[in-house]
Amino acid sequence: MTMIDLKAYLSENSYPGRGILLGRSADNTKAVIAYFIMGRSENSRNRIFETTDDGIRTKAFDESKMVDPSLIIYHPVRVVEGTTIVTNGDQTDTVANAFRDGTGWVRALRTREFEPDGPNYTPRISGMVRPDGSYRLSILKSADGDPACCQRFFFEYDAPIAGQGHFISTYETDGNPLPSFQGAPKTVAVGSESLKDFGDGLWESLNADNKVSLFVRYIDLKSGETQSLIYNKHV
């Protein structure tokens, strides 16, 4: 299977929206996570990532300019009993609460659908990484822009391959309305560089006008120890 260079792919795409990368380092020692947000409106761009006790949250950079927080303020990352949950909306809490109650990932996401922001109907993208490094991805989206039907797709990677990851985003590219991501998650090459080099490369590859924030994390597969970095356009 041909793997794409994610940095090259992102550098050629002005607006993939929000994106999740999950994978395994080339040296087979770490689970790799990345999540970024982009924005076209002043409201969407007026955000930063902030560390919490169990992950990160989005926060208004300038509270006086916040218009409608309903779809842009949420916890993108939470950790529940060693499982890292990464999503582009408040479905992070839906999945986290389901795990605490003993309910499965699929059942939890079947209670949710795409965002009510027609005509885009932004997909809800979600990922999770188990302590052993196995991971899952999901996308909930409208049927080619028709809100009458929610299409739910689930992808499992129970034995990740060293040097390989999978990437999913909300949109294919810029447009009006914004075209939803199509097909299965993209298979991408993952290296063994330092977390800073990994994060710096992704951050630089995102469109300078539209990028807002980026979160990257390495999880040591033996010890469970984590390394994380946050990049914010507003600092």
Within the side chain of [X], is there an N or O that forms a donor-acceptor pair under 3.5 Å with the backbone of [Y]?
X: N232; Y: H234; result: no
X: E113; Y: T111; result: no
X: E172; Y: Q182; result: yes
X: K65; Y: A60; result: no
X: D132; Y: S134; result: yes
X: N88; Y: P123; result: yes
X: N210; Y: S14; result: yes

Roughly how far, to the nearest 0.5 Å, is the [atom2] atom of [Y] from the [atom1] atom of [X]?
X: Y231; Y: K196; atom1: OH; atom2: NZ; value: 5.5 Å
X: L140; Y: S180; atom1: CG; atom2: OG; value: 11.0 Å
X: N120; Y: S142; atom1: CG; atom2: OG; value: 9.5 Å
X: T187; Y: L6; atom1: OG1; atom2: CG; value: 11.5 Å
X: L178; Y: T170; atom1: CG; atom2: OG1; value: 7.5 Å
X: T84; Y: R78; atom1: OG1; atom2: CZ; value: 13.0 Å

Heavy-atom side-chain contact between [X] and [Y] under 4.5 Å:
X: Y15; Y: N207; value: no
X: W203; Y: K211; value: yes
X: V188; Y: Y9; value: no
X: Y218; Y: V32; value: yes
X: I125; Y: L137; value: no

### Task
Could you tell me whether the side chains of R112 and Q91 share a donor-acceptor contact shorter than 3.5 Å?
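Side chains of R112 and Q91: no pair found under 3.5 Å.
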
### Query
Can you find a side-chain donor-acceptor pair between T92 and T87 that sits under 3.5 Å?
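Yes.
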
### Query
Checking side chain to side chain contact (heavy atoms under 4.5 Å, CB included) for the pair W105/M128: CA distance, chi angles, key distance, verdict?
CA-CA 9 Å; W105 151 271; M128 57 171 274; 3.4 Å; yes

### Message
Looking at every non-hydrogen atom in both residues, tell me the closest pair between L221 and N28 and how far apart they are.
### Response
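Closest pair (atom of L221, atom of N28, distance): CD1-O, 4.0 Å.
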
### Message
Apply the hydrophobic cluster definition, ILVMFWY joined by side-chain contacts under 4.5 Å directly or through others, and give me every member besides M66.
### Response
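So far as hydrophobic clustering goes, M66 is joined with I72, I73.
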
### Query
Transitively linked via ILVMFWY side-chain contacts under 4.5 Å: L229 with I56?
no

### Task
Apply side chain to side chain contact (heavy atoms under 4.5 Å, CB included) to R217 and V79, showing your working.
CA-CA 12 Å; R217 171 170 288 179; V79 178; 3.7 Å; yes

### Message
Using the salt bridge (charged side-chain N to carboxylate O under 4.0 Å, His left out) criterion, which residues pair with D27? Sequence neighbours excluded.
### Response
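Testing D27 for salt bridge (charged side-chain N to carboxylate O under 4.0 Å, His left out), a comparison that skips the adjacent residues, returns K30.
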
### Query
Is the closest basic N to carboxylate O distance between D158 and R130 below 4.0 Å?
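Looking at D158 and R130, the cut-off is not met.
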
### Query
Can L109 and T94 be said to form a side chain to side chain contact (heavy atoms under 4.5 Å, CB included), step by step?
CA-CA 7 Å; L109 288 174; T94 303; 5.7 Å; no

### Query
Angle class for the Y157/H166 ring planes (parallel below 30°, perpendicular above 60°, tilted otherwise)?
parallel

Can I get a per-line list of side-chain donor-acceptor pairs under 3.5 Å for residues 33-43, giving both atom names and the distance, sequence neighbours left out?
unit_1 : atom_1 : unit_2 : atom_2 : d
Y35    : OH     : Y74    : OH     : 2.6
R40    : NH1    : D174   : OD1    : 2.7
R40    : NH1    : G175   : O      : 3.1
S41    : OG     : S44    : N      : 3.1
S41    : OG     : S44    : OG     : 3.2
N43    : OD1    : V67    : N      : 2.9
N43    : ND2    : D68    : O      : 3.2

### Query
Between E115 and R124, is a side chain to side chain contact (heavy atoms under 4.5 Å, CB included) present by the stated rule, with each step listed?
CA-CA 7 Å; E115 295 180 357; R124 290 189 186 271; 3.9 Å; yes

## Note on the structure
Test salt bridge (Lys or Arg N to Asp or Glu O under 4.0 Å), reference K7, set E204, E12, E193, output is E193

### Heavy atoms from other residues, nucleotides or ligands near CD of E225 exceed 12 (cutoff 6.0 Å)
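Check fails, neighbour count at 12 or below.
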
